[in-house]
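One structure is given below, encoded as structure tokens.
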Amino acid sequence: MPDTIDYGKKMHHAMRSLIKGVLQDVADHGLPGEHHFFITYDTQHPDVEMADWLFDRYPEEITIVIQNWYDALFVGEDGFQITLNFGDSPEPLKVPFDALRTFVDPSVEFGLRFETHDIDDEDAPELHDVIDLAEDDIPEPIPEPDPIPAAKADTKADVVSLDSFRKN
């Protein structure tokens, strides 16, 4: 048994479970109200699946938008699958939760950012902090046919950083 409790790792798993639960609710019931998501993920993750032309266009990361049109959303234990429209071309995507870099719902000013760090016991990303949702901080989404409203610039979410709880 380790000498300390790894709160950062536990928070990492809790936040991934939160995203999994939110996506499962959307898969079961659809997006409620004005909710929509910007999800940025690492396209170099070995378990990411998407069209070759998307890999060519987004060789490191991509931000997808789940809002007006999506199809075949399936949430599994380790990730989700979804079909999104890229310029009138529906494309299936498979995204492991470990590939996520950001998850933002600007309609309620909620966001999470995951960053990859060198970790001795595991090479998985960990929770870095909650995103401050000023308008400039919202990830640049890939083009979508319908306009996407920006988050309100006059309000901000609280930022929680795990760095102050980590041992060096």
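Small disclaimer: the values here were computed from a predicted structure and weren't measured.
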TODO: Sort out for me which residue in Asp105, Val26, Asn68, Leu73 forms a side chain to side chain contact (heavy atoms under 4.5 Å, CB included) with Leu31.
DONE: Val26
- [ ] Decide yes or no for Asp47 and Phe97: does some side-chain heavy atom of the first lie under 4.5 Å from some side-chain heavy atom of the second?
- [x] no
- [ ] Report the distance from atom CG of Leu100 to atom CZ of Arg113, rounding to the nearest 0.5 Å.
- [x] 14.0 Å
TODO: Just jot down the side chain to side chain donor-acceptor pair (under 3.5 Å) partners of Gln44, sequence neighbours excluded, or say none.
DONE: none
Task: Shortest non-hydrogen contact from Phe80 toward Ile39 - done: CZ-CD1, 4.1 Å
TODO: Please name all residues satisfying side chain to side chain donor-acceptor pair (under 3.5 Å) with Glu60, sequence neighbours left out, ordered by chain then number.
DONE: none
Open item on the list: Is there a side-chain contact between Leu112 and Ile19 in this structure, where contact means two heavy atoms from C-beta onward sitting under 4.5 Å apart?
Closed with: yes
Open item on the list: Would you say that more than 12 heavy atoms from the other residues, nucleotides or ligands in this model lie under 6.0 Å from the CG of Asp56, or not?
Closed with: yes
Task: CD-CG distance between Gln67 and Asn85, expressed to the nearest 0.5 angstrom - done: 13.0 Å
Task: Greater than 12 external heavy atoms within 6.0 Å of Phe55's CZ - done: yes
Task: side chain to side chain contact (heavy atoms under 4.5 Å, CB included) against Thr83, all qualifying residues, sequence neighbours excluded - done: Trp69, Asp71, Ala72, Pro90, Pro92
Open item on the list: Between Ile62 and Thr40, is the side chain to side chain contact (heavy atoms under 4.5 Å, CB included) condition met? List the steps.
Closed with: CA-CA 5 Å; Ile62 187 172; Thr40 302; over 6 Å; no
TODO: Would you name the heavy atoms of Thr43 and Tyr58 that are closest together and state the gap between them?
DONE: OG1-O, 2.7 Å
TODO: Please report the closest heavy-atom contact between Phe38 and Pro106, naming both atoms and the distance.
DONE: CE1-CG, 3.2 Å
Task: Contacts of Phe37 that satisfy ring-ring contact (aromatic ring centres under 6.0 Å, His included) - sequence neighbours left out - done: Phe103
Task: Under the side chain to side chain contact (heavy atoms under 4.5 Å, CB included) test, residues paired with Ala14 that sit two or more places apart - done: none
Task: Set of residues satisfying salt bridge (charged side-chain N to carboxylate O under 4.0 Å, His left out) with respect to Glu61, sequence neighbours excluded - done: Arg101
Task: side chain to side chain contact (heavy atoms under 4.5 Å, CB included) partner of Leu54, the single match among Leu93, Ile64, Val48, Leu84 - done: Leu93
Task: Closest approach of Ser107 to His35 (non-hydrogen atoms, all atoms of both residues) - done: OG-CA, 3.3 Å
Task: Close side-chain approach of Tyr41 to Met50, heavy-atom, < 4.5 Å - done: yes
Open item on the list: Rounded at 0.5 Å granularity, tell me how far CG in Asp52 sits from CZ in Arg57.
Closed with: 15.0 Å
- [ ] Indicate yes or no: at least one non-hydrogen side-chain atom of Asp6 is less than 4.5 angstrom from one of Lys10.
- [x] no
- [ ] Is it possible for you to say whether Tyr70 and Phe74 belong to one hydrophobic cluster, with membership spreading through side-chain heavy-atom contacts below 4.5 Å?
- [x] no
- [ ] Find out whether Asp78 and Asp98 are in side-chain contact, i.e. whether some heavy atom of one side chain is under 4.5 Å from a heavy atom of the other.
- [x] no
Open item on the list: Using the side chain to side chain contact (heavy atoms under 4.5 Å, CB included) criterion, which residues pair with Asp25? Sequence neighbours excluded.
Closed with: none
Open item on the list: Less than 4.5 Å apart, side chain to side chain, heavy atoms only: is that true for Arg16 and Lys20?
Closed with: no
Open item on the list: Checking Lys94 now: which residues fulfil side chain to side chain contact (heavy atoms under 4.5 Å, CB included) with it, not counting sequence neighbours?
Closed with: Glu49, Gln81
Task: Donor-acceptor contact present, side-chain His29 to main-chain Ala27, <3.5 Å - done: no
